[in-house]
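Data first, discussion second: the structure below is written as C-alpha cells.
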Amino acid sequence: MNAHLSPEEIVRREALQRLRGLGIDPFPAAEFVTNQSAQGSKDQYQEGLEVTLAGRIMNQRVMGKATFADLQDSSGKIQLYLNVDEICPGEDKTLYNDVIKHLVHFGDYIGITGKLFTTKMGEISVKVSHFQILAKSIKPLPVVKKDADGNIFDAFTDPESRYRMRYVDLVVNDHVKKTFYTRTKIVNAMRQFFNDHGYLEVDTPVLQNIPGGAAARPFITHHNALDIPMYLRIANELYLKRLIVGGFDGVYEFSRNFRNEGMDRTHNPEFTVMEIYVAFKDYNWMMTFTENMLGHVCHQALGTTEVQHGEKVLNFTPPFKRVTMTQSIIDFTGFDITGKTEKEIFEFCKSIGLEVNESMGKGKLIDEIFGAKCEKNYIQPTFITDYPVEMSPLCKRHRENPELTERFELMVNGKEIANAYSELNDPIDQLERFEEQMKLMERGDDEAMFIDHDFIRSLEYGMPPTSGMGIGVDRLVMLLTNNDTIQEVLFFPQMRPEKPVHGPDLSSFRNIGVMDEWVEHLPKAGFIDLDSLKNAKPTAIHQQLNGYRKKNKLEIPTIQLSDVESWVAAIN
RNA sequence: GAUCUCGUAGCUCAGCUGGUAGAGCAAUACACUUUUAAUGUAUGGGCCCUGGGUUCGAGUCCCAGCGGGAUCACCA
C-alpha cells in the first residue's frame, strides 16, 4: 500500500503511528496559549524572559544532544535551542531522542516554552524547556535555504505550483506573505480615508438582471425560481448612483467584478474595483480627492509616497500632473482632434498604422490613438482629462465643450489605475447615450452597453450633481508592491483546473486476490487496470510478471499460473 | 486566439550528434551539547507530463494532446 506516496510521505505517516504508540496525539485538540510571537520575542528581547510560542518548525540542525531549529509563525522566525537535559531533565530521554530527533519533521506545528537568550554567534534564541507537537505535517514542504548574506537557494519559484498551492507559497516565501499584508494595508487605508470623510461603505448586488455600468462580456447564470438569466456583475456603478439618488452624500464599495474575457498577467476573471460616488462634487474635486487619498494610502501602507517599482521610482506626492486627452494626443502625435470628423480621425489612425475598422465610432478611434501613442509615456501619476463624449456614456458633458466629457483617468507607469467622472445626471441625455450605445452594438461593437431602464427611472427622480471614481485595487496593489502580474497580488488567481491524476487503481487488484507484495508491481509491469488483465491471456500475464520479477531482481514470491487464472476468474 | 519556450527525484536543476537515469538540498541511519545554507560517513528514492510515430534501441528525434511561462492580439 501507499504506492502513490513518496518515500518522505511514508516516513511521516509512519511517524504518526510511532507518536501515537508513545501516547502522543499528533493532532491534539486543546487550545495552545501563547504569550508572544517570534518577532515580538526578538523586538522585546530580555535575557531570561520566558516565552511560549507556537508555529512551524522550519529547519532542524541536530547536533547530538543539542538541536537548533527555527520556529516560524505569522510574525516571522526565531531560533530554538533544544537541549536534551533541558527538555528531559529526568531519566526518560524519549521526548528528545525519539520525538525531536526523529519524529518531528520540517513543517510540523509545534508549541514551545523556554527562556530567551543570545547564542555565542549572537542570535536571539529560545532555550526550550517544554516542547509539544500541535499538528504533524505529512507532506514535505519545499525546502528553501538562505545564507548569511540573504542569498536564497532552491527557492520555490515555479509559478504554476505557487499559484495552485498558495498555502505552500505563503509558508516558504516570505516576500509573498508581505505582499498580501501590504494589500490589506492598502485597502484598510482607503477605507479609513473614506470613512474619515463620512462616506458610507455599502453592499450592492453581485447577481444582476442587467450587467450594466461597464462594457464587457459577463458571466451568465440562471435563477431557477424566477426562470430568468442572471449575470455576475461587471460593475456596480449604476447601483451606487441609485443610492446617491436615494440621498446619501457619499457611498463606496469594494466591488468584486467578473468579466468573461481573456486572462493574462493583468487580467483575472474576477477582480476588485473600489468605486466611490460623492454628491455635489465634480471631477475637479475628485482629482484632488484622489491624489490626496493615494498619498494617504502610500503613507499608511508603505511609509512613503516614493514607491520603487522595478527600475522606476513612482512619486505619489500630491498634486499630480493634469493633461487633457486632446493635448496628450497633440503632444505625442502632433495631431489635433479638435473639431475633426469621424472620417478624418479614421484616416489619421490608418496613416499611423493603427488597425481600425468600420465598427469603431469616433470615441473608440480616439481611444485607439491614445492607447497606442500616449498611454505608455505616463510613468509618474498623471490625470488625463476631458475624454470624447462617445467613449463615456455615463459621464456628464464638459461644461465648456459638448463634444467632450468631464472625465479623468489616472495613469501610472503607463497604465490606467483610476477612472472618474462628473456623473451624468440628466436622464434624457443618459437615455440618448444608451441608445447611441445600442447603435454601436448593432454596428458590431460587442463591448457597447445595455440599457438599464430602472437606472434611467432613478435619474428621472433626480440625482444631485455627483462625481464618481473607480480604482482598480489589484492594479494599484501591483504598483505599490512592485509586482508585474495580477496573479502575484491575488491569493488564488484563476487557473485551468488540474486534471485528476488517475493513478492505477491498486485496490481493485487486491480485490481480485493479487497478493500484497505484487499489487504495486502490476502497473509497472504493464497492467494498469483490471481490463488490461482481462484482455490478456493468463499464460502471457504469468510469464510477463515473472519476467518483470527477474529483471528487477524482486525478492518476492514467483507467480503461479493458477494464481493468474484465479484473478481472471475473479474479475468475471 | 497566434508564435516561441518549458515539463526529469519532495524542491532547484544537469543530462552532448539517440546507447544501462545524475547532482545539490530534503529524507533514512550513525556520530556530534551554541549550530545557523551546520558538518562527516553511509543508504534509499524516478509512469523522465500523456498518447502515437521513427529506430535494434527514445528522457533525447518527429506528430498530436494536456499543463505552465514569455511575447503579441484582445481587454470602453
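Numbered from 1 within each chain, the chains take letters A, B, ... in sequence-line order. Note that the structure is predicted; figures quoted are calculated from it, not measured.
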(Q) Within the 4.0 Å heavy-atom criterion, would you say A/Y163 contacts the bases, only the backbone, or no part of the nucleic acid? (A) sugar-phosphate
Q. Across all strands shown, which nucleotide pairs with B/A14 by Watson-Crick or G-U wobble geometry, both distances under 3.5 Å?
A. none
**Q.** Electrostatic pair A/R166:A/D169 at N-O distance under 4.0 angstrom
**A.** yes
Q: Do nucleotides 7-15 of chain B as a string where each nucleotide becomes B, S or -: B if the base has a protein heavy atom under 4.0 Å, S if just the sugar-phosphate does, - if no protein is that close.
A: ---BSS---
Q) Would you call A/K93-A/D85 a salt bridge at under 4.0 Å N-O? A) yes
Q) What is the base-pairing partner of B/G19, counting Watson-Crick and G-U wobble geometry with both distances under 3.5 Å? A) B/C56
Q. What does A/N59 touch in the nucleic acid at a heavy-atom separation under 4.0 angstrom: a base, only the sugar-phosphate, or nothing?
A. sugar-phosphate
(Q) What I'd like to find out is whether the side chain of A/L116 reaches to under 4.5 Å of the side chain of A/V126, using heavy atoms alone. (A) yes
Q.
Tell me if the aromatic rings of A/F219 and A/Y231 count as close, with their centers under 6.0 Å from one another.
A. no
Under 3.5 Å, which donor-acceptor pairs do the side chains of residues 466-479 of chain A form with other protein atoms, sequence neighbours left out?
residue: A/T466; atom: OG1; partner: A/P464; partner atom: O; Å: 2.7
residue: A/S467; atom: OG; partner: A/D282; partner atom: O; Å: 3.4
residue: A/S467; atom: OG; partner: A/Y421; partner atom: O; Å: 2.8
residue: A/D474; atom: OD1; partner: A/R183; partner atom: NH1; Å: 2.9
residue: A/D474; atom: OD1; partner: A/R183; partner atom: NH2; Å: 2.9
residue: A/D474; atom: OD2; partner: A/T272; partner atom: N; Å: 2.8
residue: A/R475; atom: NE; partner: A/T266; partner atom: O; Å: 3.3
residue: A/R475; atom: NH2; partner: A/T266; partner atom: O; Å: 3.0

Q.
What I want to check is whether the side chains of A/S137 and A/R56 have a donor and an acceptor closer together than 3.5 Å.
A. no
Q. Hey, are A/K146 and A/D174 close enough for a salt bridge, meaning a charged N less than 4.0 Å from a carboxylate O?
A. yes
Q. Which nucleotide sits closest to the side chain of A/V84: B/A70, B/A76, B/U33?
A. B/U33
Q) What is the base-pairing partner of B/A70, counting Watson-Crick and G-U wobble geometry with both distances under 3.5 Å? A) B/U3
(Q) So A/V172, base contact, sugar-phosphate only, or nothing? Heavy-atom distance under 4.0 Å. (A) nothing
**Q.** Heavy-atom donor-acceptor pair, A/E123 side-chain to B/U34 base, under 3.5 Å
**A.** no
Q: Go through B/U34, B/G68, B/U35 for me and flag the one nearest to the A/R61 side chain.
A: B/U35
Q. According to the Watson-Crick and G-U wobble definitions, with both distances under 3.5 Å, which nucleotide is paired to B/A9?
A. none
Q: Remember a base hit wins even if backbone is also touched, and classify A/G213 as base, sugar-phosphate or nothing at under 4.0 Å, heavy atoms.
A: base
Q) Considering only the P atoms, how many Å lie between B/G1 and B/A37, rounded to the nearest integer? A) 48 Å
Q: Measure from the side chain of A/R265, starting at C-beta and using heavy atoms only, and say which of B/U71, B/U36, B/U33 lies closest.
A: B/U71
Q: Specify the separation, in whole Å, of atom OH of A/Y81 and atom C1' of B/A38.
A: 14 Å
Q: Can you tell me the pairing partner of B/G40 across any strand shown, Watson-Crick or G-U wobble, with both distances under 3.5 angstrom?
A: B/C30
Q. Would you say B/G24 has OP1 or OP2 under 4.0 Å from some side-chain N or O of A/K145?
A. no
Q) Looking only at atom C1', what distance separates B/A14 and B/A70, rounded to whole Å? A) 23 Å
Q: Report yes if a side-chain nitrogen or oxygen of A/H105 is closer than 4.0 Å to either non-bridging phosphate oxygen (OP1 or OP2) of B/A26; otherwise report no.
A: no
Q.
Using heavy-atom distances to pick each residue's nearest nucleotide on RNA chain B, tell me which of A/F106 and A/K65 is more 5'.
A. A/F106
Q. B/C66 phosphate, OP1 or OP2: any side-chain N/O from A/R496 under 4.0 angstrom?
A. no
Q: For the pair A/R256 and A/E270, find out whether any cationic side-chain nitrogen is under 4.0 Å from an anionic carboxylate oxygen.
A: yes
Q | Qualifying salt bridge (charged side-chain N to carboxylate O under 4.0 Å, His left out) pairs with a residue from residues 407-419 of chain A, counting only residues at least two apart or across chains | A | A/R407-A/E409
Q.
By nearest atom, which of the nucleotides B/U34, B/A76, B/A27 is closest to the A/V11 side chain?
A. B/A27
Q) So what does A/R12 hit on the nucleic acid, given a heavy-atom distance under 4.0 Å: a base, only sugar-phosphate, or nothing? A) nothing
(Q) Please classify the nucleic acid contact of A/D147 as base, sugar-phosphate, or nothing, using heavy-atom distances under 4.0 Å. (A) base
**Q.** Which residue lies more 5' along RNA chain B, comparing A/H102 with A/F68 via nearest heavy atoms
**A.** A/H102
Q | Distance between P atoms of B/C16 and B/G22 (Å, rounded) | A | 14 Å
Q. Under the 5.5 Å and 30° test, is A/F153 stacked on the base of B/A37?
A. yes
Q: With heavy atoms under 4.0 Å as the rule, sort A/K146 into base, sugar-phosphate or nothing.
A: sugar-phosphate
Q. With both distances kept under 3.5 Å, what pairs with B/A76, Watson-Crick or G-U wobble?
A. none
Q: Could you tell me whether A/F117 contacts a base, only the sugar-phosphate backbone, or nothing, with contacts defined as non-hydrogen atoms closer than 4.0 Å?
A: base
